[in-house]
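Here is the structure we will look at.
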Amino acid sequence: DARVTQTPRHKVTEMGQEVTMRCQPILGHNTVFWYRQTMMQGLELLAYFRNRAPLDDSGMPKDRFSAEMPDATLATLKIQPSEPRDSAVYFCASGWAVSAGKDEAFFGQGTRLTVV
Amino acid sequence: TQLLEQSPQFLSIQEGENLTVYCNSSSVFSSLQWYRQEPGEGPVLLVTVVTGGEVKKLKRLTFQFGDARKDSSLHITAAQPGDTGLYLCAGGGSTNAGKSTFGDGTTLTVKP
């Protein structure tokens with residue numbers, strides 16, 4: 001049963017600490033997304049990769065957020081330093097996009113981040 | 001920027017009732033996806049529509065893509081408590097494959 005795996009599921013940290021979230025996309029998918037979900041803003045796209053190359057990270061605060069794909073089986077989202085306003089659920093999703101016609105994404109269960 | 005507006009924002013109905021939720025935009029999309037999200041979980045893909053006017057059925061759920069590919073609707077017949085969740089629509093970009101725009105969702109509660 002192929003699925004996107006995210007770790008950790010929950011993270012509570014103090015303001016100023018570094019937070020790293022990890023994602024294992026579905027094997028064979030060529031596109032990986034990082035989303036943030038809050039009650040106020042809904043689902044926001046932070047960054048996405050195609051064939052491990054970053055395509056768009058315009059939704060991400062550059063001064064504190066960074067996203068990487070060190071290999072095809074691992075994507076990471078790092079926040080340093082974390083702030084209370086970063087508290088949200090962070091989702092990783094993967095998909096197989098070969099043309100602009102079927103942009104399906106398969107989501108992980110998310111990491112619920114609380115920064116106190 | 002392509003925006004998707006979903007309505008209603010909240011919907012609470014009794015088991016057995018029918019309902020329709022809407023997803024509208026002024027932009028044309030190459031495809032449109034519907035997802036359902038339950039509390040504590042990630043969104044789960046229900047369907048993708050690609051062709052203007054297309055209708056797809058998934059058991060009691062009927063999805064329609066507008067003729068101009070700018071809007072979509074989701075109709076649920078004889079709703080059940082298991083249909084409770086956040087329904088999200090997402091539009092695929094015509095020039096940027098894989099990057100979708102999400103609506104804010106419709107929160108549906110079906111009471112037994």
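In the text below, chain A, chain B and the rest are named by the order of the sequence lines, each starting its count at 1. When reading the values below, keep in mind they use all heavy atoms of this one structure, side chains included, and skip hydrogens, waters and symmetry mates.
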What is the minimum heavy-atom distance between A:L43 and B:P43, and which atoms define it?
CD1-CG, 4.2 Å
Those residues of residues 62-87 of chain B, ordered by number, that approach chain A below 4.5 Å (heavy atom to heavy atom):
B:L86
Is it possible for you to say whether [X] and [Y] belong to one hydrophobic cluster, with membership spreading through side-chain heavy-atom contacts below 4.5 Å?
X	Y	result
A:L46	A:F107	no
A:Y35	A:V115	no
B:L4	B:Y22	no
B:V110	B:L58	yes
B:L108	B:V47	yes

Using only non-hydrogen atoms and a strict under-4.5 angstrom cutoff, which residues of residues 84-93 of chain A touch chain B?
A:F91
Verify the neighbour count for atom [atom1] of [X]: are there more than 12 heavy atoms of other residues, nucleotides or ligands below 6.0 Å?
X	atom1	answer
B:E15	CD	yes
A:E18	CD	yes
A:R112	CZ	no
B:Q14	CD	yes
A:K62	NZ	yes

Out of curiosity, B:L46 CG to A:E104 CD, how far, rounded to the nearest 0.5 Å?
11.0 Å
Report which part of A:Q41 has an atom under 4.5 Å of a heavy atom belonging to chain B: side chain, backbone, both, or neither.
backbone
